[in-house]
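So the structure is just underneath, and the comments pick up after that.
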There are 2 protein chains.
Amino acid sequence: MKNKRETIQKTIILEKTRRLANHPTAEEIYRAVRADFPRVSMGTVYRNLNRLAGEGKIKKIEIPNAADRFDHQTHFHHHLKCEECGGVYDVEMKTGDSVLESVINRDDFVIKSYQIIFYGACQKCHKKHKEDI
Amino acid sequence: MKNKRETIQKTIILEKTRRLANHPTAEEIYRAVRADFPRVSMGTVYRNLNRLAGEGKIKKIEIPNAADRFDHQTHFHHHLKCEECGGVYDVEMKTGDSVLESVINRDDFVIKSYQIIFYGACQKCHKKHKEDI
DNA sequence: GTATTTGCAAACAATTTGCAGATAT
DNA sequence: ATATCTGCAAATTGTTTGCAAATAC
């Protein structure tokens, strides 16, 4: 896998990932791609998403115990996973990040990146839950 | 599933999780339990680990694209996932956490908890990689 | 006594992979 | 021309679940 060729599939997968509103899953991208190119397979979608992420053209957001998301955005941000509906939302942070400086045992490894996953409830689910009571 | 009974399985699963050095996977706990009780099944291990986590007796650490870990530790800390070997290591942070205060759009959801996952290389893998060059 | 829990095997979800044929360069 | 990429289906990994039998209370 040397990732050398610009195939139609790769092009359209990038385009759809960019067009889809917010951190779509591979499945969502797959459906969008198939709307135009019905013979594209899931394997191809995954292969290309990983290639594109490797090239830095998109960002892969790994969500524990849920499908990975692929993000067209470039700026650094984090995510909230709604424990009720499983939805993933952007979490914006103030600049002047002190997370890396707060690590105590930094000699134990080389840190290349990090992501914060918040757990909780999105507005919709929280509201619904309140109504239940 | 009302989680009412203290079964032998539940007891030993908690004990093994506590005894095993550091954030073992369900698989590792399963093996440890089977050493003493060979008929315990994987399903029982998962069910009880989730129950114990629900009761707050252990902590479930969700690792993206890898087996979840179960932690006997109680104090708040984070984790590094080594991108080479897949190992998971504790990351200790200075107290006086400012992560929650740094969230800008906090009105959009209710945040109950969070975890930071660092990506990088552990000492062993980093050293090995250097030798390759 | 009876509701909960177990063991087993089968189901599940997300992702990866082997391979023969197709395609970009 | 040929190495890379695709489509397909099957494999993999981690976890959950349905069900009849076992067990804690």
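Here is how names work: the chains are called A, B, and so on, in the same order as the sequence lines, proteins then strands, and each is numbered from 1.
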Give a yes/no on whether any side-chain N or O of A:R39 is located under 4.0 angstrom from OP1 or OP2 of C:dG21. no
Whole-Å distance between C:dA13 P and A:I63 CD1? 19 Å
Pair A:E55 + A:R51, salt bridge at N-O below 4.0 Å: no
For B:H78 and B:D90, which I'm curious about, is there any donor-acceptor pair between the side chains at under 3.5 Å? no
Distance check: side-chain N/O of B:Y46 vs OP1/OP2 of D:dT16, anything under 4.0 Å? no
Please give, in whole Å, the distance from D:dG14 C1' to A:N65 CG? 8 Å
Ring center gap for A:H23 and A:H72 short of 6.0 angstrom: no
Name the orientation class of the two ring planes belonging to B:Y89 and A:F109 (parallel below 30°, tilted from 30 to 60°, perpendicular beyond 60°). tilted
Consider the side chain of B:S41, meaning its heavy atoms from C-beta on, and name the nucleotide among D:dT15, D:dT6, C:dC8 that approaches it most closely. C:dC8
Between D:dT13 atom P and B:E27 atom CD, what is the distance in whole Å? 11 Å
Nearest-angstrom distance from the residue atom CE of B:M42 to P of D:dT12: 18 Å
With nearest nucleotides of DNA chain C determined for A:A67 and B:V45 from heavy-atom distances, which residue corresponds to the more 5′ nucleotide? B:V45
Under 3.5 Å side-chain donor-acceptor pair for A:E62 and B:N65: yes
Would you kindly give the CD-to-P distance between B:E28 and D:dT15, to the nearest whole Å? 11 Å
Sorted by position of nearest nucleotide on DNA chain C, 5' first, the leading residue of B:K10 and A:T25 is B:K10
Between P of C:dA13 and CD of A:E62, the distance in whole Å: 21 Å
Between B:K60 and B:D71, does any side-chain N to carboxylate O distance fall below 4.0 Å? no
So, using side chain to side chain contact (heavy atoms under 4.5 Å, CB included) as the criterion, who are the partners of A:Y46 when residues are at least two apart? A:A26, A:M42
Calculate the interatomic distance between B:N50 atom CG and D:dT17 atom P; express it in whole Å. 10 Å
Could you go over nucleotides 21-25 of chain D and give all protein N or O partners under 3.5 Å, atom names and distances?
residue: D:dT23; atom: O2; partner: B:R5; partner atom: NH1; Å: 3.1
residue: D:dA24; atom: N3; partner: B:R5; partner atom: NH1; Å: 3.3
residue: D:dA24; atom: N3; partner: B:R5; partner atom: NH2; Å: 3.4
residue: D:dC25; atom: OP1; partner: B:E6; partner atom: N; Å: 3.1

From CD1 of A:I13 across to C1' of D:dT6 the rounded distance in Å is 10 Å
